[in-house]
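Here is the structure we will look at, set down as structure tokens.
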Amino acid sequence: STKSYTTPGCSSGSVDRQQQVKMADKAKPVPVLHPKNQTPLLVQAIAEFIVAQAADPSSIPPFVYKGIDPARQLNVVVDKLSGEAVAARYLTRSFGTPARWLCAGDAYLSSSVDEWLSVTAETVFNNVPALLRQMVAFDDHLQMRTFVVGHAMTLADLNLWSMITTNLNVYKANKQHFPHVDRLYNFLADEPILAKLGRQYATTTAQAAEPKKQKEKKSSFVPLKNNPVMGKVMTRFPPEPSGYLHIGHAKALVLNAFYADQYKGQLRIRFDDTNPSKEKVEFEESILEDLATMGIEVDKKFHSYTSQHFDTILKYCDTLIREGKAFCDSQSQEVQKEQRYKREPSPLRDTPVEENLRLWDLMQKGEGEGLNCVVRLKIDPSNNNGSLRDPAIYRCVVDTPHNRTGDKYKVYPLYDFACPIVDSVEGVTHALRSQEYHEHNPLYEFVLQLLKLRFVQIEDFSRLNFQYALLSKRKLQWFVDEGYVSGWDSPAFPTIRGMIRRGLTVAALKSFMTDQGSSKSEVNMDMKHLWARNRTQIDPVAPRHMAVEDEFKVKLTLTNGPSTAAAVVVAKHPKNKDLGEHALVIADQLWLEGEDAALISENEEITLMGWGNCVVKKIERDGDRVAALTGEFNPKGDFKSTK
């Protein structure tokens, strides 16, 4: 068709070209959608026209553009040709009508087509200023023309259509500046073949723009309960200074720190120092060091000890005894345990208050009958929950002075009594506890209600267990005491400092624990998953060096290797050039790891890292052990073909 189009209200002098150029240069990026691995529209368009106009379409061979399968499976391989314009010309000259599409036979018009094909959709894709500058040139050229070149559609017109369709978002946002281009584009877009390709392209880009429907990874951190107020949340990490922190503690630490940060609140670090017989200053200092290693800053304002509240806790216990809500039990621990198991009340449960106060006084002095007593709450001896069967809340410890209070106290509160009191008094809003304490939660809440203390919300999370990992501080202490390890920082220990000494990064540990989240599902984890996470942290920044174990090394002689040792410069990391380079010595003799040599067969091709391939021709053995290897260097070998 040679039908002419005129833009209403637009004459050749109605467009300010300087303003257009300035607009193009200052254009801001507009999101451009372009499907990857798709044959360029210019190539698809000319291929469709060639097939449509062919007398015998079956005579057109299949064609692939740079290894990509287009919608129409035309398979002439032009992947060695550079660019879509070259591919389009190739198709036209081989199977189409060069006189029409390339104006062949007219040197001037043919050269004009080549000129307008010098810039294509590939070269301006996602480059907004370059695209708009090209539109300025086209629009200026089309003021007095119906088509780009000549009086009919050519590859130059298909190229304009391809550029606009491929960058349609940008064009639509600026088309008011290009009335002559818009007139030709609308004409081209109505052509049946181009209209079909345009619809297909729009569908493909829409699909490419849609995010892939991946299985949504639910956050493993559940929101805190009891309507937490932003900026008012306080969590706490209450380690007992009776050992070094291990990886099980790391989860509790990370969880508490996460929620405090999430709600712009505070993390309190409190040492639960209620058992002087197990606690040491060494452990306390080590915990503070480990917290610093983990990146936890301990604010003095939010660093405390349960021992700071001993007087308060003592008064609460005294009040409960006076009110008849607690009693002193002098029976042996074994007898009390059996009675609790059988859900039987203690025969001393109804001892008069006066007698209980007398025994309580002896307990506080660490004298006489008081040494054999514990104070127990009166709740319900037959309760289905064992923790509510008149639990003990105070006991005597007289033979070991406390690290902070010395010999001031002879009685110390048990955890289940001290913890809710101190949490409430110190302003903790959410007490995160592992599932092992779940049955004790009713006791925690009972103590708060009994003493009329501020409510603290309990949040359960699952304990992190590792296969074949010993986390019991008592058992780990045995290994230390017996001299089987050098100390709590032994690389064989699952302590935080032991694991870090072994090579675990803090980033990997925190990332791994964060991924576990606050789920209540019990997990029995393989330690290899933690070390796998560690590799993802180390691998990008670890320089590569090579060595073999001296005791088990095996010599490999290359018959065609360099007789004189030389050094080649190689990167310390194949994917991180910032780590620098180092020298790799190459020669006709080199050492292999004994374990590797044992796996090699005669005439097998192997890869020498950083150098190349060689073929092992001869293997010498000393009994079952490989003693030496002889081979030929194969510089053209493909490392992908070796094991």
Side-chain angles (χ1 to χ4, degrees), residues 30 32-53 63-66 68-72 74 78 81-93 96 100-103 112-128 130-139 141-142 145-150 152-175 178 180-206 208:
V30 176
V32 181
L33 304 176
H34 183 66
K36 296 181 179 179
N37 299 326
Q38 178 172 307
T39 302
L41 281 178
L42 175 60
V43 180
Q44 289 189 55
I46 191 59
E48 292 284 351
F49 277 112
I50 288 171
V51 173
Q53 295 169 0
F63 150 72
V64 171
Y65 177 79
K66 292 189 176 182
I68 304 169
D69 293 341
R72 176 177 290 281
L74 298 167
V78 293
L81 300 178
S82 177
E84 62 184 298
V86 176
R89 289 192 191 97
Y90 171 83
L91 288 177
T92 303
R93 288 169 180 150
R100 175 187 174 182
W101 296 106
L102 293 173
C103 297
S112 295
V113 171
D114 288 339
E115 179 185 5
W116 289 106
L117 286 173
S118 62
V119 179
T120 64
E122 281 183 334
T123 57
V124 299
F125 175 68
N126 219 3
N127 186 338
V128 176
L131 172 67
L132 296 183
R133 280 195 296 271
Q134 194 63 16
M135 291 298 104
V136 170
F138 269 108
D139 198 70
H141 178 74
L142 287 168
R145 294 175 175 85
T146 301
F147 295 97
V148 177
V149 176
M153 190 189 307
T154 64
L155 275 181
D157 299 287
L158 295 186
N159 185 41
L160 174 62
W161 169 84
S162 171
M163 292 173 68
I164 294 175
T165 304
T166 306
N167 298 277
L168 199 54
N169 284 358
V170 178
Y171 178 75
K172 285 182 176 179
N174 297 278
K175 68 177 184 177
F178 313 117
H180 307 298
V181 168
D182 195 55
R183 175 252 305 163
L184 178 56
Y185 177 75
N186 289 331
F187 168 75
L188 296 172
D190 286 337
E191 206 288 335
I193 289 179
L194 298 183
K196 181 189 72 172
L197 290 176
R199 289 192 299 270
Q200 291 176 350
Y201 186 87
T203 301
T204 307
T205 53

(request) Decide yes or no for M163 and N159: does some side-chain heavy atom of the first lie under 4.5 Å from some side-chain heavy atom of the second? (result) yes
(request) Could you grab the distance from atom CG of N167 to atom CE of M135, nearest 0.5 Å is fine? (result) 8.0 Å
(message) Measuring from atom CZ of F187 to atom CZ of F147, what distance do you get when rounded to the nearest 0.5 angstrom?
(response) 4.0 Å
(request) Output all residues satisfying side-chain contact (heavy atoms from CB on, under 4.5 Å) with T165, sequence neighbours left out; order by chain, then residue number. (result) L41, W161, Y185, Y201
(request) With rounding to the nearest 0.5 Å, note down the distance linking CD1 in I46 to OG1 in T92. (result) 4.0 Å
(request) Could you pull out all residues at least two apart from K172 that satisfy side-chain contact (heavy atoms from CB on, under 4.5 Å)? (result) L168
(request) Could you pull out the closest heavy-atom pair between L197 and A45, with the gap in Å? (result) CD1-CA, 3.5 Å
(request) Using modelled atom types only, decide if a donor and an acceptor are shared between the side chain of Y171 and the backbone of T166 within a distance under 3.5 Å. (result) no
(request) Measure the shortest side-chain to side-chain distance between V181 and I164 over non-hydrogen atoms and say whether it is less than 4.5 angstrom. (result) yes
(message) Using the side-chain hydrogen bond (donor to acceptor under 3.5 Å, both in side chains) criterion, which residues pair with T154? Sequence neighbours excluded.
(response) D157
(request) State, to 0.1 Å, how close A195 and A189 come at their nearest heavy-atom pair, and which atoms those are. (result) CB-O, 3.3 Å
(message) So does L158 get a backbone contact from the side chain of S162, meaning a donor-acceptor N/O pair under 3.5 Å?
(response) no
(message) As an exercise, state the distance from CD of E191 to CZ of F49, rounded to the nearest 0.5 Å.
(response) 3.5 Å
(message) Tell me whether R183 contacts the main-chain N or O of T146 through its side chain, where contact means a donor paired with an acceptor under 3.5 Å.
(response) yes
(message) Rounded to the nearest 0.5 Å, what separates atom CG in L117 from atom CG in L160?
(response) 11.0 Å
(message) Test your reading of the model: is there a side-chain donor-acceptor pair from H141 to the backbone of V148, 3.5 Å cut-off?
(response) yes
(request) Walk me through it: do L132 and F178 pass the test side-chain contact (heavy atoms from CB on, under 4.5 Å)? (result) CA-CA 9 Å; L132 296 183; F178 313 117; 4.0 Å; yes
(message) Could you tell me if the side chain of L155 sits less than 4.5 Å from the side chain of V149, heavy atoms only?
(response) no
(message) So, taking the atom named CG in L184 and the one named CG in L142, what distance separates them when rounded to the nearest 0.5 Å?
(response) 5.5 Å
